[in-house]
Amino acid sequence: MSLRVAVAAPFVQEGSQTLRENEFVVGLSLDRDWFSPDQAKRLVDVAAEEGLLDREGDDLRLTIETGSVEVPDDFVPDEDLLQGRSAFERVLDAVVAEGQPKHEAVGAINTVQQEFAIAIEAAAVVYARRQGVEVDEFLTDVRESVLEE
């Protein structure tokens, strides 16, 4: 959730779905003082991997509607956003974003994993689908992660 808010913040501030990459970097580093310019550039890469941003030349397009994101006044993102998240974490975040408490979701996913003797990433997908959470966008990453094990 905080990745979504951090990435959307410069777009929300400008009231636009598209920004130049340098505007995005300035918005996060100078305007908000959340990240260094290099960290803000890394966030572009992470957000693009997560499907939150599309690159179109030097432009960045936010893939979610700016009106669907609220940036609380006291919000400050964690620096751990700059590291790519595992397929499991991304599926879990999708479940949590739909209102499921994180600790309950993790417990239920562990139960599915044990029940079917499958990888945690696959169990997360099974659980998400049982809850009616759309996770198709993560299936390629889940498949790759499971095959690496």
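Residues: numbered from 1 along the sequence shown. Worth saying up front: this structure is predicted, and the values here are computed from it rather than measured.
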- Quick one: does Val71's side chain get under 4.5 Å of Arg32's, heavy atoms only?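 In short, these two side chains touch, coming nearer than 4.5 Å.
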Does any N or O in the side chain of [X] come within less than 3.5 Å of the main-chain N or O of [Y], such that one atom is a donor and the other an acceptor?
X: Glu14; Y: Phe11; value: no
X: Thr63; Y: Gly51; value: yes
X: Ser145; Y: Asp141; value: no
X: Gln13; Y: Pro10; value: no
X: Glu23; Y: Arg20; value: yes
X: Glu50; Y: Asp45; value: no

- Query: Once you round to the nearest 0.5 Å, how far does CD1 of Ile64 lie from CZ of Arg4?
  - Reply: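 The distance works out to 4.0 Å.
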- Can you tell me how far the CG atom of Leu19 sits from the CG atom of Leu53, to the nearest 0.5 Å?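 The distance works out to 9.0 Å.
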- Assess the side chains of Ser16 and Arg61: does a donor N or O sit below 3.5 Å from an acceptor N or O?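 On atom types as modelled, these side chains do not qualify, holding no pair under 3.5 Å.
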- Item | Check against side-chain hydrogen bond (donor to acceptor under 3.5 Å, both in side chains), Gln114 and Thr111 | CA-CA 5 Å; Gln114 292 171 357; Thr111 300; 5.4 Å; no
- Would you call the rings of Phe75 and Trp34 parallel, tilted or perpendicular, where under 30° means parallel and over 60° means perpendicular?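 Geometry flag for Trp34 against Phe75: perpendicular rings.
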Indicate if [X] and [Y] have the same hydrophobic cluster label, given that clusters are the connected sets of ILVMFWY residues with side-chain heavy-atom separations under 4.5 angstrom.
X: Leu52; Y: Val46; answer: yes
X: Val5; Y: Leu43; answer: yes
X: Val91; Y: Val133; answer: yes
X: Leu30; Y: Phe24; answer: no

- Query: Can you check side chain to side chain contact (heavy atoms under 4.5 Å, CB included) on Val112 and Ile109, steps first, answer last?
  - Reply: CA-CA 5 Å; Val112 170; Ile109 290 167; 5.6 Å; no
- Task: Decide if atom CG of Asp58 counts as having more than 12 heavy atoms of other residues, nucleotides or ligands within a radius under 6.0 Å.
- Result: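 No - once you tally the heavy atoms of other residues, nucleotides and ligands closer than 6.0 Å, there are 12 at most.
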